[in-house]
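Take a look at the structure below.
One-based numbering, in listed order, for ligands and for the atoms of each. The shown structure was predicted, so the numbers you read here are calculated from the model rather than taken from an experiment. In this chain, residues are counted from 1 in sequence order.
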Amino acid sequence: MEFDTEDLVSHSTDVLVIGSGIAGLTAALTASGERTVALVTKARIQETNTWYAQGGIAGAVGEADSVELHLADTLVVGQGLCDEDVVRAVVGEAGDALGDLVSMGVPFDRDAGGQRVALAREGGHSLPRVLHSGDSTGAAVQDTLSAILRRAEGVEVFEERFLIDLLTADDRCVGALVFNPDTHLPEVFWADAVVLATGGCGQVFRVTTNPAIATGDGVAAAWRAGAQIADLEFVQFHPTALDNASSPKFLITEALRGEGAYLLDCAEERFMLGVHPLAELAPRDVVSREIEKVMARCERPNVWLDARHLGAEYLKARFPMIWEKCRESGFDLAADLIPVAPAAHYMIGGVRVDIDGRSSLPGLYASGESTASGLHGANRLASNSLLEGLVFSRRIARALLKDAIVPRPSRVTSGDEHRAPAFATLGVRDLIQDTMSNHVGMTRSEDSLARAASVLDGLSGLLGTEFSEASDLELQNLVTMATLIARAAWMRTESRGTHSRIDYPKRDDAAWAGHLLWMRGADPHFEPITHRGGR
Ligand SMILES: Cc1cc2nc3c(=O)[nH]c(=O)nc-3n(C[C@H](O)[C@H](O)[C@H](O)COP(=O)(O)OP(=O)(O)OC[C@H]3O[C@@H](n4cnc5c(N)ncnc54)[C@H](O)[C@@H]3O)c2cc1C
């Protein structure tokens with residue numbers, strides 16, 4: 001976009017946090033003691049993926065549990081691509097971080113005696129380890145942290161402000177260009193450090209559990225600014241979204257299977273028995289792919305979730321939101337089989353960060369779902385993502401105290417030399433979503449990825465057009481994210497974790513034990529695993 005910061009309304013802060021989910025709120029709160037903080041978010045503060053999280057947050061806090069067991073479960077699910085040092089740092093800090101959430105007032109459920117937090121079991125975990133607040137854990141965390149943030153000193157919150165681009169000068173991030181819908185103009189936020197906490201991009205797919213805000217804006221902006229990104233081919237599909245007409249799809253948490261619900265095929269038989277020792281609680285990639293096979297065999301758009309044997313009283317008390325949502329959709333959780341199908345759920349890749357959340361671009365930090373931190377490898381262990389945002393943002397706040405502060409420039413300008421002719425945007429969002437769901441979904445092939453590439457190439461003119469509406473800026477980010485995901489998926493000629501190629505059905509450690517790293521202006525670069533955790 002063409003601009004001169006001297007012509008724009010400008011704000012100045014020590015730390016600029018972009019995003020108000022668990023990663024953004026935690027970064028703002030922990031940094032605020034020492035620095036001034038501005039938090040910018042594109043919708044109302046609670047409109048985040050975090051708010052929709054149901055199952056909970058993993059942490060080895062139970063008597064029978066240990067950091068070593070949580071580490072081992074995370075590495076197994078990550079299929080050779082986790083960074084063991086990162087996993088150890090995150091699961092090792094979980095106890096303290098979760099203890100702080102309890103002290104801040106997050107109402108986690110407690111056991112019958114009320115002495116300890118209650119722990120649920122989810123897919124891939126070898127024992128109950130997930131702290132939860134009914135089936136609305138994300139909302140409990142979001143509401144508690146947002147309320148504290150609004151009272152915090154030294155923090156200014158800017159809702160309904162859209163990150164357009166990161167501002168760079170001398171190969172350093174020095175702030176951001178943010179769209180103000182009230183004035184219809186961009187504004188500049190100068191900062192010593194920018195923390196990107198903009199979440200994922202489920203909205204590139206037609207069938208997703210992610211709310212409308214999840215358009216990958218932050219990762220696309222980081223890419224444009226020259227930060228390194230990684231692992232975009234790994235997109236996690238959740239096995240059990242309610243199969244009705246709504247969009248986004250309503251998730252039915254894995255914790256329901258953790259409490260004993262079954263998955264049934266069209267003959268009402270349990271099909272996960274014999275597929276994996278953990279049956280319905282196998283890692284998500286295994287369950288989602290098996291569901292896809294059963295749907296094809298049964299020629300149906302869904303399989304069935306059976307929770308009837310758990311009883312109405314228990315289900316209503318433990319899963320009140322799911323109970324209500326099923327009722328609204330015409331299903332009685334205690335009497336009916338519930339139609340479920342996989343949906344795009346979580347972006348494993350993103351801005352590549354080190355163990356303290358620093359990106360490759362000095363001055364830019366990132367936390368949460370917008371990152372490729374090395375925690376998840378090729379597949380995310382259930383309930384490790386809220387934990388990732390929580391722990392990484394605390395680490396960033398500590399890193400900010402150590403990292404040098406560099407004088408900021410007084411002016412940044414950008415010309416319009418790349419501007420392309422106007423591009424009609426009607427129907428483009430649908431086209432991207434259909435293309436990605438049809439061709440870059442749970443199973444991919446050379447052929448399907450080539451089809452996706454040809455549609456996305458046709459949309460590349462949109463990237464050079466200068467838009468001034470947030471919805472059009474989102475579209476540009478969706479095209480960028482879809483193109484990067486499709487290209488990475490095309491390059492990785494193996495199947496591993498969430499990435500499954502029908503033409504390369506096996507995991508290929510000889511060729512692919514490593515990460516695809518990218519920077520704008522250069523070809524993707526394969527970096528073999530150098531860290532521990534590659535098993
Ligand atoms: C239905 C559902 C259930 C889930 N259940 C669980 C669970 O039980 N446990 C678990 O660990 N994980 C769960 N997840 C995943 C988890 O919720 C997310 O990975 C996590 O909340 C991401 O947190 P975040 O802070 O990184 O991003 P988010 O919470 O998504 O926040 C992103 C923020 O960035 C803002 N933003 C984005 N773009 C811009 C822009 N251009 N300008 C300004 N602001 C912008 C958004 O408005 C938002 O405030 C679930 C996800 C979904 C969708």
Side-chain angles (χ1 to χ4, degrees), residues 16-28 39-59 120 122 130-133 135-142 145-146 157-166 176-179 189 195-203 208-221 236 238 240-242 248-255 258 321-322 325 343-348 350-351 366-371 373 375-376 380-390 392-393 470 473-474 476-477:
L16 173 63
V17 177
I18 304 167
S20 57
I22 192 166
L25 294 172
T26 305
L39 183 142
V40 164
T41 188
K42 77 174 174 185
R44 303 299 298 172
I45 203 167
Q46 68 277 12
E47 196 47 26
T48 62
N49 267 10
T50 297
W51 194 89
Y52 292 88
Q54 297 178 354
I57 311 184
E122 293 191 22
V130 179
L131 285 78
H132 51 90
S133 189
D135 55 359
S136 307
T137 310
V141 172
Q142 179 82 42
L145 298 188
S146 305
V157 176
F158 296 83
E159 289 173 276
E160 296 182 352
R161 296 285 188 282
F162 188 97
L163 165 72
I164 301 170
D165 260 323
L166 296 165
L177 211 57
V178 172
F179 181 68
F189 282 73
V195 182
L196 205 58
T198 44
C201 71
Q203 284 287 322
T208 178
T209 61
N210 287 194
I213 52 105
T215 50
D217 303 337
V219 179
Q236 183 172 71
H238 195 288
T240 53
L242 183 62
K249 295 292 174 196
F250 179 74
L251 185 80
I252 302 201
T253 174
E254 207 150 347
M321 182 173 60
I322 294 174
K325 197 77 189 176
H345 184 58
Y346 183 82
M347 175 176 79
I348 289 175
V351 180
S367 173
E369 192 168 340
S370 61
T371 67
S373 69
L375 174 65
H376 308 304
R380 171 179 75 102
L381 182 65
S383 288
N384 263 0
S385 51
L386 290 172
L387 181 65
E388 179 185 40
L390 181 65
F392 263 91
S393 290
L473 297 167
E474 271 184 351
Q476 290 182 311
N477 294 327

Item to check | Closest approach of any protein heavy atom to atom 6 (C) of ligand 1, naming residue and atom | outcome: Ala53 CB, 3.4 Å
Checklist entry - Taking Thr209 as the fixed residue, which of His345, Lys249, Gln54 is the one that meets the side chain to side chain donor-acceptor pair (under 3.5 Å) rule? => result His345
Checklist entry - Does His132 have a heavy atom less than 4.0 Å from any atom of ligand 1? => result no
Checklist entry - Nearest to atom 41 (N) of ligand 1, what protein heavy atom do you find, and at what distance? => result Asp217 OD2, 2.8 Å
Checklist entry - Does ligand 1 have a heavy atom under 4.0 Å from the side chain of Ile18, from its backbone, from both, or from neither? => result side chain
Next on the checklist: Show me which atoms of ligand 1 lie under 4.0 Å from any heavy atom of Gly368.
Outcome noted: 26 (O)
Next on the checklist: If we set the cut-off at 4.0 Å for heavy atoms, which region of Tyr346 has an atom near ligand 1: side chain, backbone, both, or neither?
Outcome noted: side chain
Item to check | atom 9 (N) of ligand 1 - nearest protein heavy atom and its distance | outcome: Gly56 O, 2.8 Å
Checklist outcome for this item: Hits for ring pair (Phe, Tyr, Trp, His ring centres under 6.0 Å) against Phe189, two or more places apart or cross-chain, chain-then-number order -> His11, Phe158
Checklist entry - Has ligand 1 got any nitrogen or oxygen that is less than 3.5 angstrom from a nitrogen or oxygen of Pro211? => result no
Next on the checklist: Please list the nearest protein heavy atom to atom 51 (C) of ligand 1 with its residue and the distance rounded to 0.1 Å.
Outcome noted: His345 CE1, 3.4 Å
Checklist entry - Has the side chain of Thr26 got a donor or acceptor atom that lies under 3.5 Å from a matching backbone atom of Leu390? => result no
Checklist entry - At a 4.0 Å cut-off, with the gap strictly under it, does some heavy atom of Met347 reach an atom of ligand 1? => result no
Checklist entry - Which one holds for Arg380 and ligand 1: side chain close, backbone close, both close, or neither close, with close meaning a heavy atom under 4.0 Å? => result side chain
Checklist entry - How does Gln54 reach ligand 1, by side chain, by backbone, by both or by neither, if only non-hydrogen atoms under 4.0 Å count? => result backbone
Checklist entry - With respect to atom 32 (C) of ligand 1, which of Gly19, Gly24, Ala197 exhibits the smallest heavy-atom separation? => result Ala197
Checklist entry - Which heavy atom of the protein is the closest neighbour of atom 15 (C) of ligand 1, given with residue, atom name and distance? => result Ser385 OG, 3.4 Å
Next on the checklist: Just to check, does Ser383 reach to within less than 4.0 Å of ligand 1 when the distance is taken from its heavy atoms?
Outcome noted: yes
Checklist entry - Is ligand 1 under 4.0 Å from a heavy atom in the side chain of Leu251, in the backbone, in both, or in neither? => result side chain
Next on the checklist: Less than 4.5 Å apart, side chain to side chain, heavy atoms only: is that true for Gln203 and Thr208?
Outcome noted: yes
Next on the checklist: For atom 29 (O) of ligand 1, what is the closest protein heavy atom, and at what distance to 0.1 Å?
Outcome noted: Thr50 OG1, 2.5 Å
